[in-house]
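Have a look at the structure below, then the notes.
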Protein chains: 2
Amino acid sequence: MIERTRATAKDDVRSLNQGAVFQVVHRHGPVSRIDIAARLQLSPAAVTNITSDLIERGLVYEARKDDERGGVGRRRILLEVAYDTASVAGIKVSNAGLTCALTNLNAEVLSARHEPLPETDPDTVVDAICAAFAALRSGADRPLAALGVSLPGLVDVDRQTVRHSPLLGWDQVPLGRLLQERLGVSVLVENDVDALALAEAWFGFGRTHDSFLVVTLGRGVGLGIVMNGEVYRGPNGGAGELGHVLLEANGPRTRYAAPGTVESFLSDDALVREARARVAGFPEDGGVELVVDLAERGRDDALDVFEDYGRALGRTLSLLVNVFAPSLIVLSGEGLRAAELVLSSAQAELRRLAFGDLAEHVELAFEPWGDDAWARGAAALAASRHLTETAISARGD
Amino acid sequence: MIERTRATAKDDVRSLNQGAVFQVVHRHGPVSRIDIAARLQLSPAAVTNITSDLIERGLVYEARKDDERGGVGRRRILLEVAYDTASVAGIKVSNAGLTCALTNLNAEVLSARHEPLPETDPDTVVDAICAAFAALRSGADRPLAALGVSLPGLVDVDRQTVRHSPLLGWDQVPLGRLLQERLGVSVLVENDVDALALAEAWFGFGRTHDSFLVVTLGRGVGLGIVMNGEVYRGPNGGAGELGHVLLEANGPRTRYAAPGTVESFLSDDALVREARARVAGFPEDGGVELVVDLAERGRDDALDVFEDYGRALGRTLSLLVNVFAPSLIVLSGEGLRAAELVLSSAQAELRRLAFGDLAEHVELAFEPWGDDAWARGAAALAASRHLTETAISARGD
DNA sequence: CTCCATTTCTTAATACGCTGAATGAATGAT
DNA sequence: ATCATTCATTCAGCGTATTAAGAAATGGAG
């Protein structure tokens, strides 16, 4: 439920209500003024006033009249956000390279690309991001409003600084400042999982949920927490380290994860480890793709690996369900290439371990997976920021 | 950080700012008008206006001048909440009986009592609560503003109804309505752990934290989640079922808890089970008190039981720390009779299992334990509600 | 001891955005 | 064609916050 929030005086009542109206238009699709008024308990007069401002500034437009609703009376005029007035760029950084996407302001991907990274030191990465951004910009037919960058590790969102990223080997890198200086466009930096959570909250399944969780499966296991429409990072950041939660004291080993942790069961590494151990003739250099391939061809031993994977996933989800009692968990990440293979055992285990009927009230959503999903998350950062900032900046100009 | 929130027009801007100002006075102790203005980014004039209203209505008073701060200039006049203008009652219901407390509006216990319950059916309990309330009322020297009732189980806070309580054997009991009709005073019903979390947020350690966790140890294991100053119950309630999280697939059995769950390690039952198994000559009918007693006398085998208990506690906390990265965890409940005995192994295990340096940033607080702590939580419900309602009810009367 | 600088609190004048009521616009029913 | 209905807009009035100026309280300089 959207409510008008963060009231008051200097940072005026107006900007507040403007933001709330905009949020309603964004989240509840094409919507009439009278609906907005009812939803926000605001007078129709105020809505007219506010929306005319938003329309004038090009953020919102009158899409069409509402022909669905019959009955007498004047037709409602439906308002919609002008998502195509600008585009934004999103770049996800990992040691595997840069994944880049250009999207509109609704985080719909217009184009995507991947750039390998020779090294992951800050200088190289900054150079590569600048090059990738230039390439994206040249392919854009609309003004490129902002750049979102996401990466694994601890990020200080306010200072746009990477506090600590083991995977990249970074500490205290002021990435936002470095890029902003070179690109002359506003840059946002965020943890990769939190960016994905934000993307879901603004443009994905979370659009209609106030609080929900995002679980990412891939090289590692991540958790994004959204509560009351805001991404929860913890008082000092660092929340959502689901991958490091201990599941079994005497659990299996993996190259990177501590034994028995969630990642020792659910990371790509773990999957390959199990395949090597249990799938007959699995080659030494085989990867996740091969396990998926074998299973999809119906190889029983490979299917068993996925069944166990699903069981561990279900157990992990049960932990979250018992703690958060969420109405939605979005599953995403490369680890879901074979979502169908793990789903049934995951759900069975979740039902078995969740308290009471909590499991019945959870919607499990699978984010259709593509290479650009992470980059889309990064772009969503930029899109959401751009929308809020221009929607609220009010009558100063 | 308190911010002025939930703005707008019909439910006026004023009530909003009034609430925010009141919150600052409550949370930041005796505080001057100028401090309030700075903290809320509100003009001094507005603060004068608002506080004079609060003072007139008897919610706040001018405590004294600030003599601590030296320097030139007029002394600041410190404002404080008038906590002693009314009292509230709190009653915690469990199958062991009613625990009752009378407190002022700062949740400071004025008197407490315990009533045994012959049966736990709704009629008996309602009768008993009414009797207990009458007893509390007769002992009060100030008007008794409201009654808070807390109990284990799933509570619909808005409808003041107990949706499901296995321990009491209740389903869909409209407890709030039943009591309100008979007592003619406003009644609040809440889950026991959430009430405790609210109490900590308003009147305890959480007063200076925006987000934190409360873990209760006793017959069961509970979790209260406070985020951004609000108790999180989940979209449909039922959040915080920490006790039912599976720790070890092949974990120990207990009478009530599923094998391997947190409660199978950390409930009172679990402690007694371990004592029976490992403490030489432990009597068949010995309880928790006896284990504590033996350990405090230095019996090694009893101390070992507590060391293991602490280890399981540390592991459970590590789970929460990895997920929430909280800055504060408040530990409370009967299970902490022997807090010193479990602390060191708990902290060691927490440090071992928490990701990176997350454990270093967590403050573990032990709520000094007494019989009336649960009842104080229930009273805090009533106190917080009374304060917000009278503080915000604005200029209508 | 008086006067001034300083800081806090208060009062007065002004501005802003919301509400409510009246009006206008668009459509179905009679 | 006219009316009832519903959505949108216009305008007067009002409440609350801001700014600016003044009053109150205090330390220090002359």
Side-chain angles (χ1 to χ4, degrees), chain A residues 3-4 6-21 25 30-56 60-79 392 394-396, chain B residues 3-4 6-21 25 30-56 60-79 392 394-396:
Chain A
E3 286 176 1
R4 286 159 300 161
R6 273 165 152 281
T8 188
K10 189 58 163 273
D11 39 299
D12 255 48
V13 173
R14 181 53 173 276
S15 60
L16 184 154
N17 285 338
Q18 217 157 39
V21 167
V25 178
V31 66
S32 70
R33 289 174 175 81
I34 199 106
D35 275 342
I36 299 172
R39 215 179 267 277
L40 295 177
Q41 311 241 54
L42 213 57
S43 71
V47 175
T48 289
N49 195 350
I50 291 170
T51 52
S52 68
D53 190 3
L54 290 173
I55 290 171
E56 202 172 302
V60 164
Y61 68 100
E62 299 191 340
R64 62 175 193 281
K65 295 190 179 176
D66 186 356
D67 296 325
E68 322 261 310
R69 279 169 48 96
V72 299
R74 179 177 176 171
R75 290 283 160 274
R76 301 177 172 188
I77 303 169
L78 299 182
L79 301 176
I392 290 176
R395 90 243 134 254
Chain B
E3 286 176 1
R4 285 160 299 160
R6 273 166 152 280
T8 185
K10 187 59 162 271
D11 38 301
D12 254 46
V13 173
R14 181 53 173 277
S15 60
L16 182 155
N17 284 339
Q18 216 156 41
V21 167
V25 178
V31 66
S32 69
R33 290 174 175 82
I34 198 101
D35 274 342
I36 299 171
R39 217 178 265 276
L40 294 176
Q41 310 241 57
L42 212 59
S43 69
V47 175
T48 289
N49 195 350
I50 290 169
T51 52
S52 67
D53 190 2
L54 291 172
I55 290 171
E56 202 172 300
V60 164
Y61 68 100
E62 299 191 340
R64 60 175 194 281
K65 296 190 179 176
D66 186 357
D67 295 325
E68 321 261 310
R69 280 169 48 96
V72 301
R74 180 176 175 171
R75 289 283 159 272
R76 302 176 171 192
I77 302 169
L78 299 182
L79 301 175
I392 290 177
R395 90 239 133 257

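Chain A is the first sequence line, chain B the second, and so forth, proteins listed ahead of strands; every chain is numbered from 1.
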Give the intermediate values and the outcome of side chain to side chain contact (heavy atoms under 4.5 Å, CB included) for residues A:Asn17 and A:Leu40.
CA-CA 9 Å; A:Asn17 285 338; A:Leu40 295 177; over 6 Å; no

Would you mind telling me which of [options] lies closest to the side-chain atoms of [X]?
| X | options | result |
| --- | --- | --- |
| A:Val72 | C:dC18, D:dT9, C:dA29 | C:dA29 |
| B:Arg74 | D:dA24, D:dA17, C:dG28 | D:dA24 |
| B:Val13 | D:dA17, C:dT27, D:dA24 | D:dA17 |
| A:Ala45 | C:dC9, D:dC7, C:dG20 | C:dG20 |
| A:Ile77 | D:dA17, C:dT10, D:dA8 | D:dA8 |

Answer yes or no: does a side-chain N or O of [X] lie under 4.0 Å from OP1 or OP2 of [N]?
| X | N | answer |
| --- | --- | --- |
| B:Asn17 | D:dT16 | no |
| A:Arg33 | D:dT9 | yes |
| B:Asn49 | C:dT10 | no |

Decide yes or no on side chain to side chain contact (heavy atoms under 4.5 Å, CB included) for B:Val60 and B:Thr51, but give the supporting numbers first.
CA-CA 8 Å; B:Val60 164; B:Thr51 52; 5.8 Å; no

In this structure, how many angstroms lie between the [atom2] atom of [N] and the [atom1] atom of [X], rounded?
| X | N | atom1 | atom2 | result |
| --- | --- | --- | --- | --- |
| B:Ile34 | C:dT6 | CD1 | P | 16 Å |
| A:Arg75 | C:dA25 | CZ | C1' | 13 Å |
| A:Arg14 | C:dC18 | CZ | C1' | 9 Å |
| B:Leu16 | C:dC18 | CG | P | 14 Å |
| A:Leu79 | D:dA8 | CG | C1' | 11 Å |
| A:Arg76 | C:dG28 | CZ | P | 15 Å |
| B:Asp35 | C:dC9 | CG | C1' | 13 Å |
| A:Glu56 | D:dT9 | CD | P | 13 Å |

Could you tell me whether the side chain of B:Asn49 reaches within less than 4.5 Å of the side chain of B:Arg14, counting heavy atoms only?
yes

Working to the nearest 0.5 angstrom, can you tell me the gap between A:Arg76 CZ and A:Ile34 CD1?
7.0 Å

Result for 5'-nearest mapping on DNA chain C, choosing between A:Ala46 and A:Gly73, is A:Ala46

Please report the C-alpha distance between A:Ile36 and A:Ile50 in whole Å, then the side-chain angles of each, then the deciding distance to 0.1 Å, and finally whether the side chain to side chain contact (heavy atoms under 4.5 Å, CB included) criterion is met.
CA-CA 11 Å; A:Ile36 299 172; A:Ile50 291 170; over 6 Å; no

Return the 5'-most residue of the pair A:Thr48, B:Ile50 with respect to DNA chain D, ranking by each residue's nearest nucleotide.
A:Thr48

